[in-house]
Amino acid sequence: MGPTLEATGISKTFTVRRDLLGRATERVAAVKDVSLRVAQSETLGLVGESGSGKSTTGRLIARLIEADTGEIRIDGTDFSALTGKQLQKARKNVQMVFQDPFSSLDPSWVVSNIVTEGLRSQGKLSTSEREAAAVELLELVGLGSHHLRRYPYEFSGGQRQRIAIARALALRPKLLICDEAVSALDVSTQASILMTLEELQDRLSLSYLFISHDLSVVRHLSDRIAVMYLGRIVESGEAAEIYEEPRHPYTRALLSAVPQVRSRNRPSRVVLVGDLPSASKPPAGCVFHPRCPEAMDKCREVVPQTVAIGSSEVACHLYPADPDHSGVINGGQRAT
Amino acid sequence: MTAVASSEGIRAATGESPFRRFLRRFKQERGALVACGFLLLVAICAVAAPLLAPYDQDAQSLSDRLQNVSASHPLGTDDLGRDVLSRMLFASRVSLIAAIQATAIGVLLGVPVGLVAGYVRGWFDTLASRVADAIMAIPALLLALAIVGILEPNLTSAMIAIGVVYAPRLFRITRAAALSVREETYVEAARSLGTGTGRIILGHVLPNILSPLVVQISLSMGFAILFEASISFLGLGVQPPDASWGSMLGRSTRFFEGSPHLVVVPGVAILLTVLSFNIIGDGVRDSLGKETRNAE
Amino acid sequence: MSANEPLLAIEDLEISFATESGMLPVVRGLDLTVNSGEVVGLVGESGCGKSVTSLAIMGLIPNPPGRITRGRILFNGANLLDLRENDMRAVRGNQISMIFQEPMTSLDPAFKVGEQIASTVRHHLGFSKREAWDRAVEVLSLVGIPGARNRVNDYPHMFSGGMRQRVMIAIALACEPSLLIADEPTTALDVTIQAQVLDLLRELQQDLGMAVVFVTHDLGVVSEVCDRVVVMYAGQAVEWAPTRQLFARPEHPYTQGLLECLPAEHVGETLRPIPGTVPPPHQMPSGCFFHPRCRYSVPGTCDQHPIPSSEVGLDRGVRCVRSGQLDLHGID
């Protein structure tokens, strides 16, 4: 069986400033040549800090924003080529759960209408069918049917996030994109939402694209991980391998920066200097070089190619492409 | 802050719709309730004018000209000997209907265009915004006079003129509110569910911009009454023998020294009605506040 | 308690807020001591009262709706709650200062950062204009802002998120306070920037010998910066202990529950979320506030009477009647 999601070479440039005649004077390459694959029932964690382009990538794949280039295939069909009514219908395959559980539910709607919105948008349902569907959906995410007539403001953050998950699952999507879905929640609530997500994945054979800045959450949930920096994927691979043996200096710094209670086996901290550079003026060569503790001359000039090492793929000059083993994956970065 | 968050959890009611919550809070706005009562009174007067009026509003009696307040004429008579109370009662009909008409025209012109412009953006938004800017750049009275001039001087033309004058304001408010709702995540979620644009506008955007809209509509009723008074004062609105408060005010200024009640009575009616609409607008705004507003 | 007096001693603090159901306590019976040069963590989930407590120390509880309804806050032996607003203003920003989660909202966008630091210094220490300006440059370089001499002339929006938090810290440290209150100071920051700021705070704290009350929801951060920790639940301190001991061997089921929820510490295991939710202030359960969610709770024991706190070792205490009978697990 083919992958649920196969995104190839997606890029997006935003115009942030225009002159009086409407010509672009400042552009930001928010996402640059990103390729991702998610197999069925698999979770791909997409991590990065603010400004890395991870949320934009999620919205590009859900086609809430249109990509400039690239192809998005869902279960083999070309999702990126669809328009109009066909696109509206196909949207049911890709659903999203957003970060802010307070702005993601319409305050003027009751819960039963919120969770069945997709069903109504995709086809006609009688009132009784809709009501039955709503009950079933709430049960799926662990909420009782006595909540049906309530309004969002009566729920806690965690309950709201469950409602948002129910709404996304109503259309039986193939791919669920979770954009910082547990980041706004308290630890105990976060843990119970994570558990729910895991259970739902088993029951419904869902594929997840789990976008988060929180490496510990991503580590818990993901089978594979892709690390983004300034719109590019710098490293990707099996979750265990990325965490045990991070190769890209950025991945290493990121992992070592996570404060942890457990003091054993923790990597020695690599503190990065400086801030994320502006995406409108990305550094030449490797975009990470100004902050990289291991930057070489080459890094300032040449864009690193993505090479396969073990189960991982890394875009860094520390791992030169070896022509004999044809480790280079052509066309820049590419995640398994 | 934690404090706000915890008092947040204290609301005991469950299943209370946003509208009911609004009602519950509105009932505590004393000024707005008084204003509502006054407007209700005006509305009753307007509806029941034929029953309440002691005289025929048009019955002239030149021997009774410019009488002061008396038992037979509680608000006196005007320069043609007509009973002022009777005329006031019938004029309240004209004024209220005029205000409703003008506001309806303004809403019909301004709100749908504002919704589409704010949600869809693009060339439509640019075009609509420029037109609104252009209309608002013309002095309101001048524009209204021009419209009445092009049509014919009667009350309907005056109402159309007021509607056109007010539409850009309603457009702007609607557009600005739609712009901010457009950025809400639930709209994004609706798009990803495959909900069509029309449905999103009517189902998500419109219900969530109702608060500023209702406030603005209430204010626009006051504005319309005032503006109708100005136009009728100038003789371009309601045509004799019919009267509105504005036209009564207009024709009686000549007699101000001898018979001040002719000016005071319609003047006070206009003042109180406009004030009531404005107070209600404020009350609605205060009771519609977001949930986070409860830390008082 | 040792003979030398603590820098800060909170005794039996109760803070209430006016709500639709009347005045309700959001913090109750809180005791807390902070010694000079010590970093004490105040942890808990949202609504547990940790932020309100930190505002109370600063005398910044918004009144109405909030009010301190009981207790004392002793700073250097004097009760801050007895001070008038004017006297409190002299303490605030001078001997006790505070940094917040969102630096952008606590910096005035209309003034150069140098002016903001200088005005604090002039107000509290009576420095001349020149001295104050020099002090601004000095503290900005102290917090690691490159080119401090030029950057004093910049406005807050010209700094990045991490740099803004450094500016906040610089303002807070300008008068060399003996107590710093840090309310979620790194929560809004990216993890690599958070690492920089935490390192900086720890370094400055040691160099200046300052005491810090560190308010956070992040147990990982606590384990890195704090000497002692107080865990709060539903407005009460449920457990307090030296950091290592707390994590290695929690005494309160809630603390254990929080540790079991940490995804980073339980790779490849299923998480054990704490069932239920925090009760709202108007629906506090009888007995132990945590008992409806506690897997160790015993009917008749835990749900009857308010639970007193008890000492369970040097600098350790817990608010659980079954402490000592339970075999709780920590993270080593």
Side-chain angles (χ1 to χ4, degrees), chain A residues 47-52 155-159 182-196 198-199 212-222 229 239-240 243-244 250 253-266 269-278 291, chain C residues 43-48 144 146 159-163 186 188-200 216-225 243-244 246-248 254 257-278 280 293 330-332:
Chain A
V47 293
E49 298 180 278
S50 45
S52 65
F155 293 90
S156 68
Q159 287 174 319
V182 298
S183 305
L185 306 174
D186 273 319
V187 269
S188 67
T189 321
Q190 182 178 313
S192 70
I193 297 287
L194 286 177
M195 266 185 68
T196 304
E198 285 174 309
E199 284 166 16
S212 179
H213 74 283
D214 188 332
L215 288 121
S216 41
V217 171
V218 168
R219 176 179 205 174
H220 188 82
L221 209 66
S222 306
Y229 185 79
Y243 279 92
E244 305 295 314
Y250 177 64
L254 200 58
L255 287 175
S256 75
V258 181
Q260 275 184 31
V261 174
R262 200 183 295 271
S263 45
R264 275 192 287 141
N265 315 329
R266 64 161 311 145
R269 174 156 295 174
V270 188
V271 173
L272 291 179
V273 290
D275 296 323
L276 194 73
S278 157
R291 299 177 74 193
Chain C
V43 277
E45 300 180 274
S46 44
C48 72
F159 292 84
S160 67
M163 284 296 160
T186 58
L189 303 177
D190 275 319
V191 53
T192 57
I193 308 297
Q194 165 172 284
Q196 296 172 0
V197 172
L198 288 180
D199 281 3
L200 171 74
T216 181
H217 70 284
D218 190 329
L219 292 168
V221 170
V222 166
S223 77
E224 298 217 340
V225 264
T243 309
R244 285 289 135 230
L246 182 96
F247 290 130
Y254 178 63
L258 284 181
L259 293 174
E260 283 175 345
C261 286
L262 296 178
E265 322 293 340
H266 300 273
V267 179
E269 305 163 36
T270 36
L271 300 174
R272 284 186 82 168
I274 304 170
T277 50
V278 181
R293 306 177 67 188
I331 293 170
D332 40 79

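Just so you know, these numbers use all the heavy atoms, side chains as well, and skip hydrogens, waters and symmetry mates. Just so it is clear, the structure is predicted and the values come from calculations on it, not from any experiment.
- Remark: of the listed residues C/Thr243, C/Asp218, C/Ile331, C/Ile331 is the sole one forming a side-chain contact (heavy atoms from CB on, under 4.5 Å) with A/Val261.
- Formation of a donor-acceptor pair under 3.5 Å by the C/Gln196 side chain with backbone atoms of A/Leu272 is found in this model.
- Of all the heavy atoms in C/Glu45 and A/Asp186, the pair that sits closest is OE2-CB, 3.1 Å.
- Among all heavy-atom pairs drawn from A/Val258 and C/Glu224, the shortest one is O-OE2, 4.4 Å.
- Within the 4.5 angstrom heavy-atom criterion, no atom of C/Glu260 approaches chain A.
- To the nearest 0.5 Å, atoms CG (C/Leu262) and NE2 (A/His220) are separated by 11.0 Å.
- The greatest number of non-hydrogen atom pairs below 4.5 Å with chain A, out of C/Val278, C/Asp190, C/Val225, is found for C/Asp190.
- The two atoms that bring C/Pro273 and A/Ser188 nearest to each other are CB-O, 3.9 Å, heavy atoms only.
- For the residue pair A/Val217 and C/Pro263, the shortest heavy atom distance occurs at CG2-CG, 3.9 Å.
- You'll find the side chain of A/Gln159 stays beyond 4.5 Å of the side chain of C/Thr277, heavy atoms only.
- When all heavy atoms of A/Val187 and C/Leu258 are compared, the closest pair comes out as CG2-CD2, 3.6 Å.
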Practice task
Quick one: do A/His213 and C/Val191 satisfy side-chain contact (heavy atoms from CB on, under 4.5 Å)? Show the steps, please.
Solution key: CA-CA 8 Å; A/His213 74 283; C/Val191 53; 5.9 Å; no
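- In this structure, CD on A/Glu198 lies 6.5 Å from CG on C/Leu271, to the nearest 0.5 angstrom.
- If you measure heavy-atom distances from A/Leu215 to chain C, the contacts under 4.5 Å come from the side chain alone.
- Nearest heavy-atom pair across A/Ala257 and C/Ala195 is CB-CB, 3.9 Å.
- Heavy atoms closer than 4.5 Å to chain C are found in both the backbone and the side chain of A/Leu254.
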